[in-house]
Amino acid sequence: MATYTRNNAWNNGGTFDNHDLLWYAKGVAAMMALPLDNPNSWWFFAAIHGEEIALTAFPGWGFLPSPPAVPTTPLPAQNVKTTYWNQCQHQSWYFPPWHRGYLIALESEIRAAVIKAGGPATWALPYWNYFGPNNQYQIPPAFTVRTLPDGTPNPLFVTARYGPNSDGNIFIPIPPVSQACMNNDLYTGTDAATPRPGFGGPKTGFSHGGRTSGNLESNPHNQVHVDVGGNAPTGSDYGLMSDPGIAALDPIFYIHHANIDRMWAAWNAAGHANPTDPKWLNGPAASGGRKFIMPMAVGAAFPNPWVYTPSDVNSLSKLNYTYDNLVPAVKATPAANLLTQRLTRLGAALAAPAPAGVPMDSGDNSELVGAHQGALSITSSGARATVKLDGVVRKKVAASLTAASVAHPPDHAYLQLENVRGTQDAHKLSVYINEHLAGTVGLFGLRTASLQDGPHGGEGLTFELDITPIIDALHLANGLDVDSLDVRIVPNHAIAAGTSLTVGRVSIYRQSF
Amino acid sequence: MPGNARRSIGVRAPILFISAIAWMMLLVNPGSMIALIHCPVTTSWASPMSFKMLVEMNPLSSLAEGWALMLVAMMAPTLTAPVRYILERSFKRRRARSVALFFIGYGAVWMVAGAVLLSTELLLSLLAPRSLLPAIMVGVVAFVWQCAPAKQRCLNRGHNHYALAAFGLDADLDVFRFGMKHGVWCVGSCWALMLFPMLLPVGHFAGMAAVTFQVVSERLEQPRPPDWRLRGPVKLVRILVQQARMGIQGTITGSAVLPTALNPRR
Ligand SMILES: [Cu+2]
């Protein structure tokens, strides 16, 4: 039995009657009282995720609305900064394990403060399960009240948290936020149950921002970030949670990530395997990249600092904690059943259903089918693109769908928004193909990915939507034998004047098996 | 195990192969290297006469050839990321052509840069024939550039990949332009390093190898804010050390070790 159990933040109505939240608030206050250069401080921890301390305008840390009153001095030594700060792993198969270690470390700091204040020695981070019943899609009320029960300021309250409608009402719209990723059966890779790039993310090196998010990271993680943060009602500023360089300043960050961590654990509990590739297990440091390293509170069951690899955190039992609930809300449909269903829909004559087997990555054999020529600028009213299809490749897709069988599974199809660049992360884009909703993406990480001195020299983000069902439907309605498809991109709220949002190319890919 | 993927488009092996061939050609026929062939006349004093002789002994075509060979040997290993990107984003039947156009754009920029760098070399070797002085001077310039924020800016821009049109002339122009832009940032970050081994009176080959090691290493590094700093081949050294360590472990445990280096992602 694990010593520490993380419980639902909505227990006792999500107010300070939930003592997990009350002690969390006290711990946060204690950490906030420490200076920026103290590795145990709230500010240092936020900087471990990502920081914009040097920026001379919003979202520079000196230009954020208070509370919290974010310090920009005293800075730690340069080597401390390069060792600890700006570590968070995104658009990578290291996303789940890096954040797991990060939570463990933050939790140890809070727990130390809780114990010091006379609280329970087994205190653990609560999680916000926005997929829970009733009104759990709303932020737990303890985060929105101004004061603690004793009348002191509530450190869980932050000003820059605006919600999906930019009006301060914080909730998670479900849909488009979903737990569809829980149906994946591959951590990295693709099969009938798993769209690219897999549940946990694409194979990368150390990736402090990259190209394409994994399925858990993309939805719900990224969307929840920009839904909670949102845009300021006026002007072009946005909420802390909307941008990785300021996100971990908001105490809701860790409660959100505890839920993402719980989803990963639940996914494992449902029998899905983590990578066994040594490059994942040993982490980026084993390939010459930076190491994952965290400050640890005095008295924690970990050394300080704690240097860890994914293999140190790939199961909860190694870390002596668990969740009160690891049962996935939706029972996953096995890949073989999904393939059988799809083949039946496509009218394939099946002698027998597809045999169940060990999930296998079918490899990345993909090919461009068509693209929109020229960049698109997204305005408040959206943008429209004509995605011209290549005749030869289009016929390959049609042939694959027509002749599909268990031995020759039908193509998957993806829509890509490539080289998406912009100055503001706090948007979601819904993408329609011939007026069928293909999916929604949150632009978390966009600003950093667009910086010329950012992780990819300003190449921007690439979003990938699984449009296989739409292509199937078009094929069955004889609608695939066309020169082009109509793609409409609609932002969830107005694009403020003075901010830019462009898509370098809209493209469609087939993936053959 | 899950994740035993069919490899995505193989890029690294063919590129390293091409680079290896160029290195071999340079080794087998060192005359094709840029190290200038001097004669007693040109070593004494600078004069229009000796310049003429120098040029006659190093005809432009052979200079260009040698330079191109050097480029292939030293720069090809740094091009896996953009080549993979182009392959992924082009129609299958256009892939070869797109990559070729990228190389042409990239090569064109470097050949122009070569004309300038080689003229500098000719001039310097004329003014101070068989002397270490030009190498030392350029070495100092290369060192300062190596530490400068501008160098970091060039390195960072080299990580950028641009949206590419898929169809027709636009597609051709986009990859060509991508090659040129990539070439510009590549020249920007490497020009001084490339000039240095060319001026070494001896140890030319070792100098080239050292510069290649540095260039490959710094491209594997993540972009970072431009500032003054010493930029050594830390990343590649770290990778090789880790490889060696894992190789030893692999031998002990009997498990196969995959060659991982030279590619930061995937
Ligand atoms: Cu996050």
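Just so we're on the same page: letters track the sequence lines, and every chain starts at 1.
The local environment of NZ in A:Lys291 is sparse, with at most 12 non-hydrogen atoms from other residues, nucleotides or ligands closer than 6.0 Å. More than 12 heavy-atom neighbours from other residues, nucleotides or ligands sit within 6.0 angstrom of CG on B:Asp170.
In terms of heavy atoms, B:Phe91 sits closest to A:Val393 at CD2-CG2, 4.3 Å. The two residues A:Leu368 and B:Ala166 come nearest to each other via the heavy atoms CD2-CB, 3.8 Å. Residues A:Glu367 and B:Arg95 approach most closely at CA-NH2, 4.3 Å, considering heavy atoms.
Listed options A:Pro284, A:Gly458, A:Gly198, A:Gly189 were ranked by heavy-atom pairs under 4.5 angstrom with chain B; first place goes to A:Gly458. Your options are B:Phe167, B:Tyr162, B:Trp185, and the one with the most heavy-atom pairs under 4.5 Å with chain A is B:Phe167. Here B:Ser90 is the residue among B:Gly158, B:Gly168, B:Ser90, B:Ala171 with the most heavy-atom pairs under 4.5 Å with chain A. Ranked by heavy-atom pairs shorter than 4.5 Å toward chain B, the options A:Thr190, A:Asn419, A:Asn86, A:Asp191 are led by A:Asn419. In terms of heavy-atom pairs under 4.5 Å with chain A, the best-connected choice from B:Leu155, B:Asn156, B:Val234 is B:Asn156.
Within the model, atoms CZ of A:Arg510 and NZ of B:Lys92 stand 6.5 Å from one another, a figure rounded to the nearest 0.5 Å.
Contacts between A:Ala285 and chain B at a heavy-atom distance below 4.5 Å involve the backbone alone (N, CA, C, O). For A:Val503, no part lies under 4.5 angstrom from a heavy atom of chain B. For A:Gln373, the part lying near chain B is the side chain, with the backbone staying farther off; criterion is any non-hydrogen pair under 4.5 Å. B:Arg94 does not touch chain A: none of its heavy atoms, backbone or side chain, sits under 4.5 Å away.
Of the possible polar contacts, none joining the B:Arg238 side chain to the A:Ser287 backbone as a donor-acceptor pair under 3.5 Å is found.
A side chain to side chain donor-acceptor pair (under 3.5 Å) with A:Asp453 is found for one member of B:Arg153, B:Gln152, B:Arg157, B:His159 and no other, namely B:Arg157.
With contacts defined as side-chain heavy-atom distances shorter than 4.5 Å, the pair A:Val392/B:Arg93 qualifies.
Counted by atom type alone, A:Thr462 and B:Arg89 present one or more donor-acceptor pairs between their side chains at under 3.5 Å.
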